[in-house]
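Accompanying notes for the structure given below.
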Amino acid sequence: MTTTLEHATPDHPGPDHGYPEHYEPPRGPYWRLFFGPGLVRGVWMALAFFVFGLLIVAGLRWWWGWDPILHWEVIAAVAGMTTAPIGFLAGIGSFDYWLHYIVGRPTRPEDHSGHGATSWKDYFRVNTDHKVIGIQYLVTTFVFFTIGGLMAMLFRAELAQPGLQFVDPQTFNGLVSVHATLMIFLFIIPAFAGIANFVVPLMLGAPDMAFPRLNALSFWLLPIAGLMFVTSFVVSGGAFGAGWTGYAPLAEGQPLGQTFFNIGVQWAGASSIMTALNFLVTIITMRAPGMTFWRMPLLVWANFTTSLLVVIATPFIAGSQFFVMFDRIMHTSFFVPDGGGYVLGYQHIFWFYSHPAVYIMMLPGFGIVSEVISSMSRKPIFGYRLMALSLMGILVLGFSVWAHHMFVAGMADWLRVPMMITTLLIAIPTGIKVFSWIATLWRGRIHLTTPMLFALGFVTMFTIGGLSGIYLGSVPIDIAASDTYFIVAHIHYVLFGGSVFTIFAGVYFWFPKITGRMYDERLGKLHFWLTFVSFNATFFPMHYVGLRGMPRRVSDYSEAFGDLNFAISIASFVLGASFVVFAYNIIVSWVRGPIAGGNPWRAHTLEWQVTSPPPIFNFDEIPQVVGGPYEYGVPGARHAVMSAAAAEPQEVRA
Amino acid sequence: MTAHAETHDHHGPPLAHQSSRVDARVLGMFLFIASEAMLFGSFFTAYFFVRVVNPSAPETWPPEPYHFPVFVAGVNTAILVTSSFTMHWALQSIKRGERRAFLAGMVLTFLMGLAFLLTQVVEYIHVGFNTGDGAFASVFFGLTGLHGAHVFVGLTLLGMVIVRGFRGHYTPEHHHGVELPGIYWHFVDVMWIVVYAAVYLI
Amino acid sequence: MRRGIAQLVAIGVVIALLLTVVAVVFKWLPTSASEEFDRIQAVYWFATVISIGIFALVAAVIVFSVWKWRVPLDDDADGPPIHGHTGLEIAWTAVPAILVIAIGVVSAVVLARNGEAGTRPLEINAIGQQFAWKFVYSDYDDLRSGQLVLPVNQEARFTMTAVDVLHSFWVPNFGQKMDAVPGIETSIIVTPTREGEFQVVCAELCGFGHATMRAKARVVSRAEFDRWIQEQNA
Ligand code: HEA
Ligand code: HEA
Ligand code: CUA
Ligand SMILES: [Cu+2]
């Protein structure tokens, strides 16, 4: 076990422990390899728990005299997707501390042996350092982005011509569904969580998150969920093919793969709820002295509102997937009309989460872009308070619009107009943000770095996506455009041109902070322009084919759309290839980019006032916050005093 | 860039500044409960759809040949509500340093919770319908089952407190480990009253 | 600064003009073949005018600012510390509010109009089933047909259900679309205005045959419609 620190100091005194002795792992290295926390123990414990789950299912079925005793769908759900992952988590050591605590054994005082990373191996264990966890998140999510993106390449190849060429329709549906599921649950949402994990505690002037062990656990739930989505392809019947929305009753009649979606979403959802809870508690209780809410950087505000959304909304998708799973496995009839169920109930419950989820996938990006634009224009954010309040406005309004996904679903007619109005009203707080960003540019001293390019690309592309959202918010237009490629265009303008652009902006922006090295600016710009152009070439024509009459989620389509789809597919391959530039830049720069220094952007927020990468406990001394986070151009203004002892200003101007 | 940062790798983290009067763990528990309440909310929504919105909603509740064991569940409700009081008593006792009363309270609470859960299992066996018998059964088993799972989690937490309690942990100064499971247990109780009212009574 | 504003406006106008050309030159919408779609297209154009204006504004400010105030990366001065401007902030809250409410009102009016069935609509049940449509003419002894035939200029009310999973009834040229849902009935009104052959498309993912769940829709004159009914009954 690597210990980054020679001598341990108990920091946050855990509840009720008074045991000063330092935990010493007993016995020899082999014993430790197999029985100590780590991936090896994770694997065999997963297997053991799988057998355990299997025996429980088989035992109960035998006891009740049900046939067959080995019901593989149930076994897959219980043993494969519930107990085995728990075994894995226990194996890698996620629960070690709590198990000691539960049985009343002396808990190991936090000796920070689970903190920090000295070698790449430290990224493959339960690590409680928010910076390590942030990197774990980012790397994992980009892996899943690649997988999800390659699936898009596959079905784009299929769509290049009308008729069927490469895959059968069920596989096609599986590819589309897994593509979207990975992008949403394994890329956008956790990638934002990763950036925030790294940055938010630093911005707050906190040594770590409020619950570091919970933080580590939240991360490790993700690969479990991702693995479930991806492996659903290998089971009989193929991957879940009812779309990422998994509408009942179609989802209830799908083969086994659908269960992978039902349960995978639970793991991903649990992960995001736990992370959100952690952010909320951290932001509320661990701000540095002087850091009032009105002095928090907008990224912190954005994660605060997002986390509220997650905590409140996510249980609804959990519910919706439970019901579908019960209908599938336990023969309940939540959404089975013959049994007295109500089909549209699924959509209401699903969208009550999944609409707020689109803001979960956007608000953190708003935060990132605010940081980038203000520090790259060397100006304070225009209308800081309204920027924070508009986030809250979106949060509140976001809960009142879910049925705009159901305008043509046959729901109660009287719900349409109220839902249309609330939907359209969201343009107001969002517009405030867009206008404030461009007003921040006004008369600034604009540094057109790669993160800035992505931020500006985001503002324009997201405006297009938002405006197509306004079309859809208008019920009559939605009636014509719903379930067509117009929706696909909207999705990708807001999610790719929106969220993904902000993730790129954030990764480039904090890359020097995270790695201590600078990325290659030329390659960064090449990446931006390639992505920007091919992105538009891919997705803008989709508005057209959609309005003209091409439905979404089809493997085959009318000849009339052949040429355009061919062009779209070619553009999408270029878009995919542009990612190679990014990957190359990041990997090479990480290994041997030029040393970046603590504050290459001369930004004011706290994460830039420490070394790059930041010291293991972030701050030697908790800083004292004395002003707003974006006081660019204000003579003598400071966000924080880093050390009570240091009289001289250390930050700003090099 | 701070000049002094590198030289200090070798000491523990600075103590975080506590920027709110609320204790982090209590706040965390309340947020967790908020999301749990929303999970129940999704199940109540399903109930609402099946029973109210659905054009083919059953005339009577439960539909004709079936009955819910209102009385047994009522007794069960009483048990669970009482256990909330014993929980409170246990917490007050440890705050006053009365160890034995604390342990007695905890054990009593645990036993009542267990009795509730066992009664529910027996109720399931004798209730006369199964998960496959229609949407009313789906929401019945859904809501009571979700709640039962929460009782189970609550019992695990209580069991933890009991084990540690008998090992001599907790003092009048340090009783968060009792307080937090207590908050959760009260939540489980309140939730049951809502479930009971919605499923059995109205 | 006055010259700057003029340049900004010029950029904005150029962008707006370009977008207008794109919006007008390409035929974004299928030919309308129903009264309902005519109204929907009006809303569409209304939203498009507003969208072009908004996008031109946003894009113009960005292009102009970058063009005007871009500095080399090693420049280390700061911009002027402008923290906000109450008047502007009120304006960009109020103006979008007015615009979206206008869109909302127009949409609500059109929605209400498109839901009016007229005095005696032709009643048709559309039944979705994996993977074909069935149309039942309840005014004509429950005549069943796999093909949709409609008399021109006559309101038709489609009442939909589904046998197995969700489907969605859509004829792109009619503009109207509605899911067919197992267990409940849904409905839409279509008043065809143009004779010809169109496609009924299933727009809701319904399984592996979703892409090919198509049917033919023919809009014909009243006389021809009556003839068709007779043929079918014969
Ligand atoms: C990041 C994700 C994201 C975001 C931010 C949004 C934002 C919005 N979305 Fe989108 N949406 C999705 C992701 C997102 N959406 C996805 C994934 C789906 C498909 C799900 C599926 O079925 O698979 C979807 C589907 C979807 C539908 C359902 C379509 C259908 O299936 O029939 C609707 C309908 O109302 C809609 C509307 C909107 C609106 C009004 C906004 C607004 O929030 C946009 C507000 C922003 C602006 C308007 C631009 C900036 C504003 C100004 C510059 C001010 C001035 C503006 C005006 C005066 C108009 N979206
Ligand atoms: C954040 C979300 C996100 C992102 C980033 C993407 C990215 C992409 N999406 Fe996706 N998409 C969705 C979310 C997203 N999508 C959602 C929610 C749906 C709805 C699903 C549903 O209906 O249920 C959808 C549906 C969807 C459809 C409609 C399918 C249908 O209805 O039948 C299409 C069609 O073209 C598509 C295409 C693409 C393409 C080409 C990319 C590209 O941008 C991907 C680019 C990335 C890569 C290619 C990977 C990395 C690259 C390399 C490793 C380099 C090597 C590769 C090459 C050289 C080719 N997506
Ligand atoms: Cu029927 Cu799609
Ligand atoms: Cu939405």
Side-chain angles (χ1 to χ4, degrees), chain A residues 169-170 242-243 247 249-250 337 343-344 377-380 382-383 386 408-410 417 420-421 424-425 427-428 431-432 434-435 438 441-449 456 459-460 463-464 467 470-471 474-477 479-480 482-483 544 547-549 551 553-556 632-634 653, chain C residues 26 28-30 39-40 43-44 47 51 54-55 58-59 61-62 65-66 69-71 73 75-84 88-89 92-93 96-97 100 103-104 107-108 110-111 114 165-166 168 172 175-179 181-184 186 201 203-208 210-212:
Chain A
Q170 184 63 24
Y247 276 7
L250 180 61
V343 172
L344 291 183
S377 319
R378 314 304 305 160
K379 271 186 66 203
F382 195 95
L386 210 53
V408 298
V417 171
M420 163 168 79
I421 299 298
L424 295 175
L425 288 182
I428 300 168
I432 291 176
V434 169
F435 295 130
I438 60 180
L441 292 178
W442 193 259
R443 292 178 60 201
R445 298 187 70 81
I446 297 171
H447 295 247
L448 218 52
T449 55
L456 297 180
V459 177
T460 40
T463 302
I464 298 183
L467 290 171
I470 295 300
Y471 280 74
S474 151
V475 185
I477 304 180
I479 289 176
S482 186
D483 289 321
Y544 179 83
L547 289 174
R548 296 289 299 175
R553 297 168 167 168
V554 290
S555 48
D556 183 8
Y632 299 102
V634 183
R653 263 138 252 173
Chain C
F26 297 97
W28 290 84
L29 297 169
R39 297 189 198 108
I40 292 177
V43 188
Y44 165 87
S51 298
I54 302 261
F55 183 78
V58 172
V61 175
I62 292 179
S65 307
V66 170
W69 294 302
R70 179 175 175 184
V71 296
L73 295 192
D75 176 282
D76 63 0
D78 280 353
I82 307 167
H83 283 91
L88 263 179
E89 286 171 44
W92 67 50
T93 310
V100 292
I103 296 179
S107 305
V110 165
L111 183 66
N114 279 359
V165 299
L166 299 172
S168 195
Q176 294 278 65
K177 178 186 295 123
M178 182 54 74
D179 281 9
V181 184
I184 62 173
T186 58
V201 177
E204 185 71 66
L205 179 60
C206 53
F208 62 85
H210 165 60
T212 47

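Throughout, protein chains are lettered first and strands after them, A, B, ... in sequence-line order, and every chain is numbered starting at 1. As a basis for the values below, the full set of heavy atoms in this structure was taken, side chains included, without hydrogen atoms, waters or symmetry mates.
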Next item on the list: Compare all side-chain heavy atoms of C:L205 with those of A:Y247 and state whether any distance is below 4.5 angstrom.
Entry: no
Notebook entry, point to check: For C:I184, is it the side chain, the backbone, both, or neither that has a heavy atom closer than 4.5 Å to a heavy atom of chain A?
Noted result: side chain
Next item on the list: Specify which of C:Q176, C:R39, C:R70 makes the most heavy-atom pairs with chain A at under 4.5 Å.
Entry: C:R70
Note to self: I want to check something: taking the side chain as every heavy atom from C-beta on, are A:F382 and C:I82 in contact at a cut-off of under 4.5 Å?
What the structure shows: yes
Next item on the list: Measure across C:P81 and A:V634 and return the closest heavy-atom pair with its distance rounded to 0.1 Å.
Entry: CB-CG2, 3.4 Å
Next item on the list: Return the option, out of C:A47, C:S107, C:G183, with the maximum number of heavy-atom pairs under 4.5 Å with chain A.
Entry: C:S107
Next item on the list: Can you tell which part of C:P172 gets under 4.5 Å to a heavy atom of chain A, answering side chain, backbone, both or neither?
Entry: side chain
Next item on the list: Name the option with the most non-hydrogen atom pairs under 4.5 Å to chain A; the candidates are C:L73, C:T186, C:L88.
Entry: C:L73
Item checked: Top of A:Q170, A:R548, A:M420 for chain C proximity - count of heavy-atom pairs under 4.5 angstrom -> A:R548
Next item on the list: Let me know if C:V43 has heavy atoms under 4.5 Å from chain A in its side chain, its backbone, both or neither.
Entry: both
Check: Which one of C:V181, C:T212, C:L111 has the most heavy-atom pairs closer than 4.5 Å to chain A?
Finding: C:L111
Notebook entry, point to check: If you take all heavy atoms of C:E204 and A:R553, which pair is closest and at what distance?
Noted result: OE2-NH1, 4.2 Å
Item checked: Heavy-atom closest pair, residues C:Y44 and A:I477 -> CA-CD1, 3.7 Å
Next item on the list: For chain A, find which of C:A108, C:S168, C:A77 contributes the most heavy-atom pairs closer than 4.5 angstrom.
Entry: C:A77
Check: So, does C:K177 use its side chain to make a donor-acceptor pair with the main chain of A:S482 at under 3.5 Å?
Finding: yes
Checklist line | Pairwise distance CG(A:L467) to CZ(C:F55) - rounded to 0.5 angstrom | finding: 8.5 Å
Note to self: Before you tell me yes or no, could you show the steps for C:V58 and A:F435 under side chain to side chain contact (heavy atoms under 4.5 Å, CB included), namely the whole-Å CA-CA distance, both residues' side-chain angles and the distance that decides it to 0.1 Å?
What the structure shows: CA-CA 7 Å; C:V58 172; A:F435 295 130; 4.2 Å; yes
Note to self: Taking side-chain hydrogen bond (donor to acceptor under 3.5 Å, both in side chains) as the definition, give me every residue that meets it alongside C:E89, ordered by chain and number, with sequence neighbours left out.
What the structure shows: none
Check: Between C:T93 and A:I432, which heavy-atom pair has the shortest distance, and what is it?
Finding: OG1-CD1, 3.6 Å
Note to self: Under 4.5 Å from any heavy atom of chain C, what part of A:Y471 do you find: side chain, backbone, both or neither?
What the structure shows: side chain
Notebook entry, point to check: What pairs with C:P182 under side chain to side chain contact (heavy atoms under 4.5 Å, CB included), at least two apart in sequence or on another chain?
Noted result: A:P249, A:P337, A:V343, C:A162, C:L166
Next item on the list: Name the member of A:T460, A:L448, A:I470 that forms the most heavy-atom pairs with chain C at distances under 4.5 Å.
Entry: A:L448
Check: Quick one: do C:D78 and A:R445 make a salt bridge, cutoff under 4.0 Å?
Finding: no
Next item on the list: Name the member of A:I421, A:I438, A:T463 that forms the most heavy-atom pairs with chain C at distances under 4.5 Å.
Entry: A:I438
Margin query: Restricting to non-hydrogen atoms, name the atom on C:A211 and the atom on A:S555 that form the minimum distance, rounded to 0.1 Å.
Written below: CB-N, 3.9 Å
Margin query: In the structure I gave you, are the side-chain heavy atoms of C:V71 and A:I446 within less than 4.5 Å of one another anywhere?
Written below: no
Checklist line | Engaged part of C:V201 at the chain A interface, taking heavy atoms whose separation is under 4.5 Å | finding: side chain
Checklist line | Top of C:A59, C:P96, C:G175 for chain A proximity - count of heavy-atom pairs under 4.5 angstrom | finding: C:G175
Item checked: Interatomic distance, C:D179 atom CG to A:D483 atom CG [nearest 0.5 angstrom] -> 6.5 Å
Checklist line | Side chain proximity check, A:P169 to C:H210, heavy atoms < 4.5 angstrom | finding: no
Notebook entry, point to check: Considering all heavy atoms of both residues, which atom of C:S65 and which atom of A:W442 are nearest to each other, and what is their separation?
Noted result: OG-CE3, 4.0 Å
